[in-house]
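Numbered from 1 within each chain, the chains take letters A, B, ... in sequence-line order. Just so you know, these numbers use all the heavy atoms, side chains as well, and skip hydrogens, waters and symmetry mates.
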Amino acid sequence: MFEFIQNLFKTTFSIHLRPPGARDESGLLAACIKCGRCMEVCPYQSIFLAPYSQWSLYGTPLIDPLKKPCYLCMKCPEVCPTGALKPVTKEKAGMGIAGIIETTCLSYQETICNLCYRHCPLKGKAITLDEDLSPVIINEGCVGCGVCFYICPTQPRSISLKTGRK
Amino acid sequence: MSEEDWKGNIDSRKMSRRRFIKGTTAAGVALTLVGIDPNSGTFKAAFAKGASKPEKWFLSVCPYCGVGCGVEVGVASGKVVAVKGMKDHPVNKGRLCILGKNLVDILYTNDRALYPMTRRGERFNRIGWNEATDRVANQLKQTIDRYGPNSVAMYISASEYNEEYYIYNKFVKGCLGTNNLESSARLCWASGVVGLVKAFGADAPPCAYDDVEKADLFFMTGYNVYSSKPVFFRRIIKAKYRNNTKLIVVDPRNTNTADFADRHLRIKPGTDVILHNTLANILIQEKLINEREARQLTENYDAFKQHVKKFTAAMASEATGLSVTEIVETARDIGRAKAGLFLWGQGLNQSNIGTRKVTSLLNIVFITGNIGKPGAGPMAITGQTGAMGLREVGGLPHLLPGFRKVTDDKARDEIAKIWGVDPNRMDSANGKTLPAILEGIDKGQIKALWIIHSNPAATFPDSNWVRKVLSKTEFLVVQDCYHPTETSKYAHLILPGAQWSEKAGILTNSERGLNLVEQAVMPPGEAKPDLEIVMDVAKKMGFSQQFPYNNTEEIFEEYKRCCQGRPCDISGITYNRLRIDKGIQWPVPALDHQGTKRRFLDKKFPKGKLRLNLHEHQEAAEVPDKNYPILLMTGLVFGQYHSRTRTSKVPALNRAVSEAFAEINPSDARKYRLWDGEMVKVSSKRGTVTVRAKVTDSVMAGTVFLPYHFAYLAGKDKAINSLTNRAFDEFSQQPEYKACAVKIERT
């Protein structure tokens, strides 16, 4: 029961990701000049700037994977003027890490879903399938873009997402 | 407290401890109510939100693809509240894919058609059933009196039940006296079926799903089965891992299915005939086949041997873009396999030489002797649930019930006797296919069209032209369970039909297995089961004698008489038997007969011997040129189904693919300076769409892939089929969706 409530919290409450290639939290806060260029260039409109209510983060870029995840097009680091977002490849985006909650994941309940595997921007490198076609996260490969978290069809989500660099 | 409120609380980080505890308790209670067991945290069944526990469970079949998974429908106080996989069903054994799991959502939507409507200008006004059926009957009668019976046509869906096809067939071919009864199977498996008929001499899917476990080679070509038939694919993969079965995938795209392949042949689009003939040639040259057996099985082996002689590995390598080793090794794999299962899909069918591609694949099956033994043969799994039943009942312009042909005088007499109609009333010429019907409307030959549960304005190629034609139709009746659809906008009259679980019938799946679908709930509003609507109209036209039925079981009993002594003999089947023997496979000639799992085990074929069809390769009808340098292929994505009339209503599915996209190769993206995620304009000679670019190496350079699910309801410039070409296969009249020339521009 406790575990379930814990999972519920992990999946229902929005967590905020930093855009791909971001420095660690203190480095980003020091380097970011809050120009909003990353937000403007994002073709999916995933990035928003932290509102005033989050006063310590105010103006810095965030991604809410419950509303729109990062599809790893890697456009934002290229336009960052101060290097708060470092230009890196998709595989080194380092936004966080996802985990599968096997107790609610449909693929572990005799349903063929695998939407997370099919739509992973790092197809095959971050999520693989075991012999039962159930998804398994590869910890070394997952960058925490949040796509699987966003599209997971169960309610609450069967994917947990931890933010921050590994 | 709703989930949204919760998020807001956490976002603003203003939650006190007291409110936090309150929220947790509320969540626990709420989740228990919606059917999640908090102790184990598992879903007991896919309960609808806020619904109570099901009081009664009904037998049913998933209405999506042709695999035919058994489902149980849970009903509480007259509403479907839950769906679960049928544990004792031989096809899926309790498993479902995500489309089947979310079936409840498709029933209760805001855009269900609830009552008959007539169009005045742009607006639709509600009318009564009596007025509606009167109008259809009078209009059809007037049109037939003035222009003859062939000025009327009916276009039905291939996702309906055998009884419904039977009634439509009897009404159109028996009562109206025209053979213009066409179905959406034309867009889906026409070439595959014509290929089977050309090779076997009769429409005959010989295999069973159980062959998957017995095979030691899967040869899949043009078939993304992981996305289109996920439950069946799981079985394939399980068998592959358990028996170490080899999986060869031929596909120009790096599909999800190809990820699992032992060998993926990334063939140049459209060159399948060359590959198949070359494989046959190598098999013969390297003596990997039993020639004596091949001569016994087939009627023209030596001519075929001579025909494929010129297809050398070197020549094929140049044409298909594969390496010589790849081709030769593939041929050796096929030759070494004791039992090979050959599967194909729309990659072969939806082409201007679709039938040639299919028959050239069947040639390989026949010369390697992969027929009439467990684990071997050609497996044809249709895209729509009712497509096999449609062929049995003859819901196509050239067929009559029991695989009879309309051109056969004896067959017409037999059927007319059962139907109780005058055989002279029936037309002796083949009816019009869908392309011919639409062209007929354009030229003024067809005056009235009745569309049942189909959406040609979204699914037919060159949809700008189709919309123009539909708006020109003198009398267009659209019978559908949803309104608006792309097609229903042009209707003069909308008749509200029932959909899955709101009507009863029998469905035949792609392994010839029959399944009962029970009516679980009443249709919403004034909607009626579709065959009742057609029968009402027929009675008003003066054919009450021919339609004396009280329920679908009586219709089935009459249909059974049409099948006696035919290949699809189902004399041993009753509704009650199907409640126990789920998925029993025809022929079932007697009540104590256990069904026929595999056909042709005795190697006795409809025409004595099998035929090897000799075909040459031909270019697509439209090839990329200077102005339109890119080849467009359309196809499906997992989680959506056909024109999205159903799946667009399921929120869980639409998060994954919410908008149309174009898969573009990175080298092309560089050439056109495109970035992943940008909007891009794709245009052909016929139309333009603006979609999101998805830069991926899963497509080849010089090709682009668009999902065909999106049409005008998704947005004015999102109709993918406004690009595709109106070119058709010469034998099957199936449109070519897999090849047309387009150009890409930045927006």
Side-chain angles (χ1 to χ4, degrees), chain A residues 1 3-5 7-9 12-16 41-46 51 53-54 64 66-67 69 71-75 78 90 101-119 121 123-124 128-133 147-148 150-156 158, chain B residues 3 6-7 9-14 24 27-28 31 34 36-43 46 49 85 92-98 100-102 226-227 230-231 233-234 237-238 241-242 254 256 259-260 637-639 650-653 655-657 675-679 692-696 698:
Chain A
M1 180 73 193
E3 195 187 325
F4 178 72
I5 296 280
N7 286 337
L8 186 75
F9 274 99
T12 316
F13 297 140
S14 76
I15 68 153
H16 291 154
V41 81
C42 179
Y44 296 93
Q45 282 129 29
S46 308
S53 56
Q54 290 173 319
D64 182 355
L66 269 177
K67 292 203 179 95
Y71 290 90
L72 296 183
C73 74
M74 307 310 283
K75 226 171 173 179
E78 307 240 323
K90 271 185 194 186
I101 300 167
E102 294 177 11
T103 45
T104 51
C105 174
L106 287 177
S107 295
Y108 288 88
Q109 325 287 335
E110 306 212 319
T111 302
I112 292 95
C113 166
N114 309 156
L115 277 172
C116 49
Y117 167 79
R118 292 165 200 258
H119 290 271
K123 196 176 156 194
T128 55
L129 298 176
D130 66 5
E131 289 203 355
D132 280 327
L133 294 186
V147 171
C148 50
Y150 172 67
I151 61 177
C152 182
T154 63
Q155 193 64 262
S158 303
Chain B
E3 196 201 312
W6 276 50
K7 268 186 258 158
N9 283 335
I10 276 293
D11 275 349
S12 52
R13 313 223 165 150
K14 274 181 192 160
T24 331
L31 287 171
V34 299
I36 305 165
D37 182 0
N39 292 322
S40 62
T42 51
F43 283 87
K49 254 185 209 156
N92 58 326
K93 305 199 173 66
R95 276 172 213 286
L96 286 179
C97 76
I98 188 150
K101 199 87 183 169
N102 286 298
Y226 182 27
S227 293
V231 176
F233 181 72
R234 188 187 181 278
I237 283 302
K238 279 300 233 188
Y241 288 146
R242 197 181 308 127
N254 199 355
N256 288 322
D259 292 346
F260 294 87
V637 285
F638 176 68
V650 186
L653 298 177
R655 268 207 303 273
V657 181
W675 200 282
D676 185 64
E678 275 183 336
M679 296 309 274
R692 206 175 276 285
K694 200 169 158 190
V695 179
T696 161
S698 78

Asks: So which residue, A:E102, A:E131, A:H119, ends up with the most heavy-atom pairs under 4.5 Å with chain B?
Replies: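 Highest number of heavy-atom pairs under 4.5 Å: A:E131.
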Asks: Please classify the contact between B:S698 and chain A as side chain, backbone, both or neither, with a heavy-atom cut-off of under 4.5 Å.
Replies: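 Neither part.
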Asks: Tell me the closest heavy-atom pair linking B:L96 and B:V231, and the distance in Å.
Replies: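 Shortest heavy-atom contact: C-CG2, 3.7 Å.
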Asks: Does any heavy atom of chain B fall under 4.5 Å from the side chain of A:C105, the backbone, both, or neither of them?
Replies: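 It is neither, since no heavy atom gets under 4.5 Å.
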Asks: Give, as side chain, backbone, both or neither, the part of A:Q45 having an atom under 4.5 angstrom from any heavy atom of chain B.
Replies: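 Interface part for A:Q45: neither.
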Asks: Classify the angle between the aromatic ring planes of B:Y226 and B:F260 as parallel (below 30°), tilted (30 to 60°) or perpendicular (above 60°).
Replies: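 B:Y226 and B:F260: perpendicular rings.
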Asks: Check the pair A:Y150, A:K67 against side-chain contact (heavy atoms from CB on, under 4.5 Å), reporting the backbone distance first and the verdict last.
Replies: CA-CA 7 Å; A:Y150 172 67; A:K67 292 203 179 95; 6.0 Å; no
Asks: Out of B:Y241, B:W675, B:F233, which one racks up the most heavy-atom pairs below 4.5 Å with chain A?
Replies: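 Of the options given, most contacts go to B:W675.
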Asks: When only pairs under 4.5 Å are counted, which of A:C42, A:P43, A:P121, A:P51 shares the most heavy-atom pairs with chain B?
Replies: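 So the answer, after comparing A:C42, A:P43, A:P121, A:P51, is A:P43.
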Asks: Within a strict 4.5 Å, meaning less than it, do heavy atoms of the A:T111 and B:C97 side chains meet?
Replies: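 No, every pair of side-chain atoms sits at 4.5 Å or beyond.
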Asks: Salt bridge between A:K123 and B:D259, side-chain N to carboxylate O under 4.0 Å?
Replies: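 Salt bridge present between A:K123 and B:D259.
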Asks: Measure distances from A:Y108 to the heavy atoms of chain B and classify the residue's part below 4.5 Å as side chain, backbone, both or neither.
Replies: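 For A:Y108, there is no contact with chain B at all, as no heavy atom is under 4.5 Å.
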Asks: Please rank A:L72, A:V147, A:L129 by heavy-atom pairs under 4.5 Å with chain B and give me the top one.
Replies: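 Ranked by heavy-atom pairs under 4.5 Å with chain B, first place is A:L129.
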Asks: From the options A:C152, A:C113, A:S107, select the one residue that forms a side-chain contact (heavy atoms from CB on, under 4.5 Å) with A:S158.
Replies: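 The residue from A:C152, A:C113, A:S107 that satisfies side-chain contact (heavy atoms from CB on, under 4.5 Å) with A:S158 turns out to be A:C152.
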Asks: Side chain, backbone, both or neither: which part of B:R242 has a heavy atom under 4.5 Å from chain A?
Replies: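 Neither part, no heavy atoms under 4.5 Å.
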Asks: Among the options A:N114, A:D132, A:I112, pick out the one with the most heavy-atom pairs lying under 4.5 Å from chain B.
Replies: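 Ranked by contacts with chain B, first place is A:I112.
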Asks: Evaluate B:E678 against A:K75 for side-chain contact (heavy atoms from CB on, under 4.5 Å), listing each step before the verdict.
Replies: CA-CA 10 Å; B:E678 275 183 336; A:K75 226 171 173 179; 3.1 Å; yes
